A.B. asks: 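Let me begin by handing over the structure; questions about it come next.
So that the names make sense, note that chain A is the first sequence line, chain B the second, and so on, each numbered from 1. Predicted model only: the values in this text are computed from it and were never measured.
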Amino acid sequence: MIQVNALSKVYPVPKRGEGLWGSLRSIFSREVEEVRAVADLSFSIQAGERVGFLGPNGAGKTTTLKMLSGLLVPTSGDRVVAGFDPSKRDPAFLRRITLVMGQKQQLLWDLPPIETFALNRALFGLEEAEAKRTQEELIELLELGPLLTRPVRNLSLGERMKCELAAALLHRPDVLFLDEPTIGLDVRAQVAVRRFIAEWNERSGATVLLTSHYMADIAALCPRVIVIAGGALRYDGPLKDLAERYGGGRKVIVRTRDEAPEQLGPFVREDGALVARLPSAEVTAAVDFALRQVAVADLSIEEPPLEDVLSKLFAERT
Amino acid sequence: MFRAFPTLLRIGLAEAVAYRAELVIWVLTATAPLISMFIWDRVAEEGPLGGWGQGEMARYFLLTLIVRHITSSWVVWELNENIRTGGLSPMLLRPMHPLVFFVAQNLAAMPLRAVILAPLIAGVMWWRPELMWTPEPWTVALGLLSAALAWVIAFTVQVIFGSLAFFSQQSLGLFNVWFGLWSLGSGYLFPLELAPDWLRQGLLWLPFRATLATPVELLAGLVDGPSALRLVLAQLVWVGVFLGIAALTWSRGVRRHEAVGA
């Protein structure tokens, strides 16, 4: 559904010195610096996949999403989305994709959301009966009923985001580019949006490429992640393998009835408990070993926090 | 596009109603022709000026007020804002040209403008009843066509200045320069008929009169047949020129937007 091959984007950014002298100089000699936002990025995504697109601030995530949706033209490389070259912004292409950017509103600010829905139905030339059915489905899934007739300016951030999602999906796109869909939302709204994205993906079979700084979004939604930093690909694969490779393994914690020894096989004593960080494949043997060697009072196995895994990955390569 | 247009107009009107307070202020700030009318009325009190008595003055400025509002647009501010803040991006991802939406938005506010203007028009007609005239049907028909062309020119000029926001942060400043020149050269503040001959002849070659004085003079019945046709023809030429420039600035601007983002 999405094919990206050696995609690069270089922005010209004007350079300006400090203070009055810097401002005056910029009038006469305009220095431009080239910033490489995306560098030689390649990946492909199958129809119906839900993929998390991760990276630190300024990694090139939004630039990539804009190139995939046709808002930005790459400096080099190719991309094909739903069989189209996005640069042309062919109406047939625009009917098959959607881009939701957390902070960029498409809702009509002083009118109720139902008016934006009507506008989008008209702009996308949707068949009225079918579009109304989709609208009802979205209203039900996102629980928008009471919000529909209130002016958008009177809605909370979470309510606006839900309406934004509904407006963006009325034309039932095959590809969803979601850029920080839960940014600034409280925990309840985050869970609601997350649940909706998963449900919609299952119902419609749409492909989802999602960026988020909330790891809970990624953990809940994306079996596969693509990690970029400095515009270049750092990792592309299953989320669980990412934790395995960069998280230093799973953490096995054994609390003993008696005082724990300083060291026991792969375990060392930390805060009175025996702790071992191991690859998944070695966890069972280690637990078995501990059960045989000491009187176990409590045993737990923890996944490494995704935030730690990612910061380790970013720090390692950048 | 044609199927969508009624919905766009309905939503445009709903927006205008939502912004009614702003619209009232906006309409009232564009009532300079009424001030001009009172000044020129005093001037004509002493006796007709260039053949214009108080009735002709009132007629001219009342029509100026009406045509100014028929041809009014605010797309330059909308474009400037949306280009600078990234609001244009979602519009570019809809399968309809963003300017179609702005056309509908601007046209849809007209009925509400008419409602706001109606008491002012009624007041002027009560104050100076001698402004009434019986226009020839052909001047009304040509005048309305001319007003429509004036709207196209005014809207297109604003699209050009609005599109400059793709390239420069000074697009509104440049538009203000245009507006200043327009106020002087369009017949907005004084009837071009009463201007010195050299100025009147010079203004014939500039686009300003095509956006206001031409339809006003036609509707007021101040122009004979051959001159009326010449003026409408000049408007058509300006429509072509500005549409061409607007198409160029818009497409170059969008290309720049695609290259550097918002």
Side-chain angles (χ1 to χ4, degrees), chain A residues 9-14 32 35 37 62-63 65-67 69-75 86-87 89-101 103-112 114-126 128 151-153 164 167-168 171 173 177 179, chain B residues 1-23 78 81-105 108-109 112 166-170 250-262:
Chain A
K9 179 70 189 174
V10 177
Y11 287 115
V13 179
V32 175
V35 173
T62 302
T63 298
L65 290 192
K66 283 183 172 177
M67 286 194 282
S69 57
L71 282 176
L72 279 176
V73 173
T75 310
S87 298
R89 286 200 303 277
D90 189 309
F93 166 70
L94 297 178
R95 286 191 179 93
R96 293 194 58 188
I97 66 142
T98 198
L99 169 66
V100 177
M101 290 192 273
Q103 299 297 325
K104 304 270 166 67
Q105 298 286 334
Q106 64 161 321
L107 298 171
L108 299 163
W109 187 247
D110 278 289
L111 298 182
I114 195 89
E115 294 288 32
T116 304
F117 298 166
L119 178 71
N120 278 11
R121 289 201 309 268
L123 289 174
F124 280 89
L126 304 180
E128 199 60 16
V152 170
R153 64 168 187 277
E164 191 80 32
H171 59 289
F177 298 116
D179 193 12
Chain B
M1 184 180 95
F2 296 109
R3 206 161 61 99
F5 212 68
T7 308
L8 299 189
L9 285 175
R10 186 186 65 70
I11 286 166
L13 182 62
E15 272 195 304
V17 172
Y19 290 117
R20 57 195 174 275
E22 202 179 324
L23 195 65
E78 288 278 353
E81 168 87 7
N82 282 298
I83 290 168
R84 283 187 308 103
T85 60
L88 190 70
S89 295
M91 296 185 192
L92 288 171
L93 293 183
R94 290 164 175 166
M96 189 177 284
H97 200 292
L99 291 177
V100 176
F101 174 72
F102 290 123
V103 166
Q105 195 186 44
L112 204 63
F166 284 119
F167 309 94
S168 159
Q169 300 197 346
Q170 309 305 324
W250 175 265
S251 62
R252 287 260 168 101
V254 170
R255 228 177 300 154
R256 191 182 150 82
H257 192 73
E258 290 166 351
V260 301

A.B. asks: Salt bridge (Lys or Arg N to Asp or Glu O under 4.0 Å) with B/R94: which residues, sequence neighbours excluded?
C.D. replies: none
A.B. asks: With distance as the sole test, does A/K9 use its side chain to make a donor-acceptor pair with the main-chain N or O of B/A259 at under 3.5 Å?
C.D. replies: yes
A.B. asks: Measuring from B/L92:CG to A/L99:CG, what's the distance to the nearest 0.5 Å?
C.D. replies: 11.5 Å
A.B. asks: Name the region of A/L108, side chain, backbone, both or neither, that has any atom closer than 4.5 Å to a heavy atom of chain B.
C.D. replies: side chain
A.B. asks: Heavy-atom pairs under 4.5 Å with chain A - which of B/R255, B/M91, B/E15 has more of them than the others?
C.D. replies: B/E15
A.B. asks: Under a 4.5 Å cutoff for heavy-atom pairs, which residue among A/R95, A/E115, A/H171 has the most contacts with chain B?
C.D. replies: A/E115
A.B. asks: At a heavy-atom separation under 4.5 Å, does A/D90 approach chain B through its side chain, its backbone, both, or neither?
C.D. replies: neither
A.B. asks: Under 4.0 Å between a side-chain nitrogen and a carboxylate oxygen: does that hold for A/R89 and B/E258?
C.D. replies: yes
A.B. asks: Using 0.5 Å steps for rounding, measure from the OG1 atom of B/T7 to the CZ atom of A/R121.
C.D. replies: 8.0 Å
A.B. asks: State whether the number of non-hydrogen atoms from other residues, nucleotides or ligands found under 6.0 Å of A/E128 atom CD is greater than 12.
C.D. replies: yes
A.B. asks: Which atoms of A/L119 come close to chain B, meaning under 4.5 Å heavy atom to heavy atom: side chain ones, backbone ones, both, or neither?
C.D. replies: both
A.B. asks: Which atoms of B/R10 are under 4.5 Å from chain A, going by heavy atoms: the side chain, the backbone, both sets, or neither?
C.D. replies: side chain
A.B. asks: Checking B/V254 against chain A: side chain, backbone, both or neither under 4.5 Å from a heavy atom?
C.D. replies: side chain
A.B. asks: From B/S89 OG over to A/Q106 CD, what is the distance, rounded to the nearest 0.5 angstrom?
C.D. replies: 11.5 Å
A.B. asks: Under a 4.5 Å cut-off applied to non-hydrogen side-chain atoms, are A/L123 and B/L8 in contact?
C.D. replies: yes
A.B. asks: Looking only at heavy atoms, which two atoms of B/A4 and A/A122 are closest? And how far apart?
C.D. replies: CB-O, 3.4 Å
A.B. asks: Is A/F124 in contact with chain B via its backbone, its side chain, both, or neither, using a 4.5 Å heavy-atom distance?
C.D. replies: both
A.B. asks: With sequence neighbours excluded, tell me which residues meet salt bridge (Lys or Arg N to Asp or Glu O under 4.0 Å) with A/D110.
C.D. replies: A/R153
